[in-house]
Chemist: 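Sending over a structure as structure tokens; questions will come in a sec.
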Amino acid sequence: MSASKVSPERRELMARRRRARVVAFEALFEHDVAGHSPEQAVRRRLESVAALPPGESDEEESVAPVPVDSEYALRLVRGVEAHLPEIDAVLAEAASAWPLEQMAKVDKAILRLAIYEILFDNGVPIRAAINEAVELAKLYGGDSSPRFVNGVLGTVAAQAGRMK
């Protein structure tokens, strides 16, 4: 579906979910780095976004800020937490050259989130989950992160038999 054929309502939903993924990623990263509860980190992040004055955004966009789908952010974090052992096993197999303890924490948080969406939250099209993860890697990761994330998720999708 081309961008011109997407309804304004659908476009807003996609933007709200993208913001929710950013919040979920940040919470998962904070948990991995500092050991803070991911759910509490989501709530703190949502409070800080809600505290911004109207017209201001925490993003570097010149457009009006899009609200975060807070329920979706919490659902993502709770889903990753609930399936973390399975997600990490899939991640370790798909990126066997990179032990989890040596993997960049940004990449690991992005991959955990995307693997959850690919394997456990079937409401998200596989290509959308991969594309969103690659975009997060471009924003937050190193120079090689987007390629690494795309490759790992391509392997996960192919192994799951969901790549179409």
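Predicted, not measured: the structure shown is a model, and the values here were computed from it. This chain uses plain numbering: 1 for the first residue, then up along the sequence.
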Chemist: Run the salt bridge (charged side-chain N to carboxylate O under 4.0 Å, His left out) test on E135 and R18 for me, step by step, so that the C-alpha distance in whole Å, both residues' side-chain angles and the decisive distance to 0.1 Å come before the verdict.
Modeler: CA-CA 10 Å; E135 290 302 315; R18 175 169 283 175; 5.5 Å; no
Chemist: Less than 4.5 Å apart, side chain to side chain, heavy atoms only: is that true for Y72 and D121?
Modeler: yes
Chemist: What is the distance from atom CG of L136 to atom OG of S145, rounded to the nearest 0.5 Å?
Modeler: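 If we round to the nearest 0.5 Å, L136:CG and S145:OG are 11.0 Å apart.
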Chemist: Given the rule that I, L, V, M, F, W and Y join up when any side-chain heavy atoms are under 4.5 Å apart, are W98 and V149 in one cluster?
Modeler: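 Yes, same cluster.
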Chemist: Please tell me if the side chains of M103 and L111 come closer than 4.5 Å, counting only heavy atoms from C-beta onward.
Modeler: yes
Chemist: Hey, could you give me the CG/CE distance between D69 and M14, rounded to the nearest 0.5 Å?
Modeler: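 It is 13.5 Å, given to the nearest 0.5 Å.
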Chemist: Does the side chain of V77 come within less than 4.5 Å of V23's, by heavy atoms?
Modeler: no
Chemist: Which atoms form the tightest heavy-atom contact between Y116 and R75, and what is the distance?
Modeler: OH-O, 4.1 Å
Chemist: Could you tell me which non-hydrogen atom of L28 sits nearest to which non-hydrogen atom of P38, and how far apart they are?
Modeler: CD2-CB, 4.4 Å
Chemist: Mind telling me whether F120 and H83 have parallel, tilted or perpendicular rings, with 30° and 60° as the class edges?
Modeler: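 Answer is parallel, since the angle falls under 30°.
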Chemist: Kindly compute the distance separating CG (D88) from CD1 (I115), expressed to the nearest 0.5 Å.
Modeler: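 Reported value, rounded in 0.5 Å steps: 8.0 Å.
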Chemist: Could you check if a side-chain atom of E117 sits within less than 4.5 angstrom of a side-chain atom of I130, using non-hydrogen atoms only?
Modeler: no
Chemist: Apply the test side chain to side chain contact (heavy atoms under 4.5 Å, CB included) to residues L74 and E39: give CA-CA distance (whole Å), side-chain angles for both, the deciding distance (0.1 Å), then the verdict.
Modeler: CA-CA 7 Å; L74 285 167; E39 193 164 326; 3.7 Å; yes
Chemist: Quick check: do L13 and E9 have side-chain heavy atoms less than 4.5 Å from each other?
Modeler: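 No, too far: nothing below the 4.5 Å cut-off.
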Chemist: Is the shortest side-chain N to carboxylate O distance from E47 to R43 below 4.0 Å?
Modeler: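 No.
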Chemist: Taking L100's backbone N and O only, do any of them form a donor-acceptor pair with K108's side chain (distance below 3.5 Å, no angle check)?
Modeler: yes
Chemist: Can you spot which of K105, Q40, R44 makes a side-chain hydrogen bond (donor to acceptor under 3.5 Å, both in side chains) with E30?
Modeler: R44
Chemist: Looking only at non-hydrogen atoms, find the nearest pair between D107 and F148 and report the distance.
Modeler: OD2-CD2, 3.7 Å
Chemist: If you measure from NZ on K5 to CZ on R10, what distance do you get to the nearest 0.5 Å?
Modeler: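 Between K5 NZ and R10 CZ, I get 15.5 Å after rounding to 0.5 Å.
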Chemist: Please name the pair of heavy atoms, one in L119 and one in A160, separated by the smallest distance, quoted to 0.1 Å.
Modeler: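 Heavy-atom minimum between the residues: CD2-CB, 3.5 Å.
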Chemist: Work out which heavy atom in A73 is nearest to a heavy atom in A24; give both atom names and the distance.
Modeler: O-CB, 4.0 Å
Chemist: Considering non-hydrogen atoms only, spot the tightest contact between A133 and A114 and give its length.
Modeler: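 It is CB-CB, 3.7 Å.
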Chemist: Measuring from L113:CG to R21:CZ, what's the distance to the nearest 0.5 Å?
Modeler: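 One gets 7.5 Å once the value is rounded to the nearest 0.5 Å.
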Chemist: Are side-chain heavy atoms of F25 and L76 found at a separation under 4.5 Å?
Modeler: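 Answer no - side chains too far apart.
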Chemist: Take R112 and L84 through the test side chain to side chain contact (heavy atoms under 4.5 Å, CB included) and record every step on the way to the result.
Modeler: CA-CA 8 Å; R112 283 173 169 166; L84 191 59; 3.5 Å; yes
Chemist: Donor-acceptor check, side chain of T155 to backbone of G151, threshold 3.5 angstrom: yes or no?
Modeler: yes
Chemist: Is a side-chain donor or acceptor of H31 paired with a backbone partner of H36 at a separation under 3.5 angstrom?
Modeler: yes
Chemist: Do E93 and V156 have side-chain heavy atoms sitting under 4.5 Å apart?
Modeler: no
